[in-house]
Amino acid sequence: MTAVEYLASFIATGRLHGIGIGSTLGEVDRALRHRFVDVVDEGGQSLRRDYGFVEFYFNPGEEWVMSGGSVELHRLSSGHGMAKTWARTTGVAFPRHLAWADVREALAALPGAPVFDVTDQGGFLEHRAAASHVSVIVVDDVEEERGRHVGHGDVWSVSLWAPVRAR
C-alpha cells in the first residue's frame, strides 16, 4: 500500500491498521508490530505511544483506551530513517514529502469520500472531516519550499480526534 492510499483510507475511515478511537492498548499492540516509546503523564491520566512519526494517545480505565492519534509527516522531511523502519514493519512506504493534492485525488476515488470544513491556521490550512474525526494540516505558506522541511501544499500532519460527548 502506498502512503497516499494509506492516508486516504485513514482520513475516510478514522482507522489505521484497523485501530481507532476506542481501541485498547492490547488491540494496538496486535495491530502494530513496530518499536515505540510510551510516555505516561505524572498523574497517570494519559499515555502517549510514540512510534517516531506516528503517535497515539490513550486515557486510563480498566485498560488504556485510544482517545486520538496523529501521523506527523513533517518529521520525515529532515530524514528518511523513520519512514524506512515503518515500511519494513508495516508495509507502508512514506516519501519525505507528500502533496495534499495527491491525497485529495485518492480520496475522490473512494466511495463516500469525506466532506471537509477548511479553516485558516496562520500559514496552514486545516481540512477537518467531521464524519471520520480526522483533521489534515496542510502547509499554506507560498514561501515554504520543499527540502529539509515540507513545502507549500504538503501535508504537515493528519490527526485523529475523539468527538466531544454531550453531557
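Since we're looking at a predicted model, the values are computed, not measured. Throughout, numbering of the chain's residues begins at 1 and tracks the sequence.
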_Applying a strict under-4.5 Å side-chain criterion to I, L, V, M, F, W and Y, I'd like to know whether Leu110 and Val4 cluster together._
yes

*Is there side-chain contact between Val71 and Phe53, with heavy atoms separated by less than 4.5 Å?*
yes

*Partners of Ser132 by side-chain contact (heavy atoms from CB on, under 4.5 Å), sequence neighbours excluded?*
Ala129, Val134

*Determine, step by step, whether Arg15 and Ser9 satisfy the side chain to side chain contact (heavy atoms under 4.5 Å, CB included) criterion, reporting the C-alpha distance in whole Å, the side-chain angles of both residues, the deciding distance to 0.1 Å, and the verdict.*
CA-CA 8 Å; Arg15 303 192 72 74; Ser9 173; over 6 Å; no

*Rounded to the nearest 0.5 Å, what separation is found between the CE atom of Met66 and the CG atom of Leu47?*
10.0 Å

*side-chain contact (heavy atoms from CB on, under 4.5 Å) against Glu144, all qualifying residues, sequence neighbours excluded*: Val139, Asp141

*asked:* Assess whether a salt bridge exists between Arg48 and Asp38, defined as any Lys/Arg side-chain N lying under 4.0 Å from an Asp/Glu carboxylate O.
replied: no

*asked:* Please check this pair: side chain of Asn59 against backbone of Ser67, looking for a donor-acceptor N/O pair closer than 3.5 Å.
replied: no

*Going only through I, L, V, M, F, W and Y residues with side-chain contacts under 4.5 Å, is there a path from Phe10 to Met82?*
yes

_What verdict does the side chain to side chain contact (heavy atoms under 4.5 Å, CB included) test give for Val150 and Leu73, after you've listed the backbone C-alpha separation in whole Å, the side-chain angles of each residue and the deciding distance to 0.1 Å?_
CA-CA 8 Å; Val150 292; Leu73 293 166; 5.8 Å; no

*Separation between OG of Ser46 and CH2 of Trp64, rounded to the nearest 0.5 Å*: 6.5 Å

*Taking NZ, NE, NH1 and NH2 as the nitrogens, is one of them in Asp102 or Arg104 under 4.0 Å from a carboxylate oxygen of the other?*
no

*State plainly whether one hydrophobic cluster holds both Val37 and Val54, where clusters connect Ile, Leu, Val, Met, Phe, Trp and Tyr through side-chain heavy atoms under 4.5 angstrom apart.*
no

*Asp50 versus Phe56: any side-chain heavy-atom pair under 4.5 Å?*
no

_Once salt bridge (Lys or Arg N to Asp or Glu O under 4.0 Å) is applied, do any residues pair with Arg30, and if so which ones, sequence neighbours excluded?_
none

*With Arg88 via side-chain contact (heavy atoms from CB on, under 4.5 Å) - residues at least two apart*: Lys84, Thr85

*Classify the side-chain pair Thr90/Tyr6 by whether it contains a donor and acceptor separated by less than 3.5 Å.*
no

*For Glu27 and Ser23, work out which heavy atoms get closest and say how close.*
OE1-CA, 3.1 Å

_In the structure I gave you, are the side-chain heavy atoms of Phe58 and Thr24 within less than 4.5 Å of one another anywhere?_
no

*side chain to side chain contact (heavy atoms under 4.5 Å, CB included) evaluation trace for Arg35 with Tyr51*: CA-CA 6 Å; Arg35 289 180 30 193; Tyr51 292 93; over 6 Å; no

*Output yes when a side-chain donor or acceptor of Ser70 lies under 3.5 Å from a complementary backbone atom of Glu72, and no otherwise.*
no

*asked:* Could you tell me if Arg49 sits above the aromatic ring of Phe36, with its cationic atom closer than 6.0 Å to the ring centre and no more than 45 degrees from the axis?
replied: yes

*Quick check: are there more than 12 heavy atoms from other residues, nucleotides or ligands sitting under 6.0 Å from NE2 of His149?*
no

*Can you see which heavy atom on Leu107 is nearest to which on Pro114, and at what distance?*
CD2-CD, 3.9 Å

_Any Val103 side-chain heavy atom under 4.5 Å of Leu98 side chain_ = yes

_Distance-only polar pair, side chains of Ser135 and Trp161, donor-acceptor under 3.5 Å_ = yes

*Please round to the nearest 0.5 Å and tell me the distance separating atom CZ of Arg96 and atom NE2 of His74.*
14.5 Å

_Heavy-atom side-chain proximity of Leu160 to Ile21 below 4.5 angstrom_ = yes

_By the salt bridge (Lys or Arg N to Asp or Glu O under 4.0 Å) test, which pairs, at least two apart or in different chains, include something from residues 120-136?_
Glu126-Arg128

*To the nearest 0.5 Å, what is the distance between OG1 (Thr89) and CG (Leu32)?*
7.5 Å

_Using side-chain heavy atoms (C-beta onward) and a distance below 4.5 Å, is Leu7 in contact with Val136?_
no

_Same apolar cluster: Val155 and Val118, side chain cutoff 4.5 Å_ = yes

*For Glu5, check side-chain hydrogen bond (donor to acceptor under 3.5 Å, both in side chains) against everything at least two apart and list the hits.*
Thr2

*In terms of hydrophobic clustering (I, L, V, M, F, W, Y; side-chain heavy atoms under 4.5 Å; direct or indirect links), are Leu76 and Val92 co-clustered?*
yes

*Check the angle between the aromatic planes of Phe116 and His127 and answer parallel, tilted or perpendicular using the 30° and 60° thresholds.*
perpendicular

*Can you measure from CH2 (Trp156) to CD1 (Ile137) and round to the nearest 0.5 angstrom?*
10.5 Å

*First locate atom OG of Ser77, then atom CZ of Arg146, and finally report the distance between them rounded to the nearest 0.5 Å.*
10.0 Å

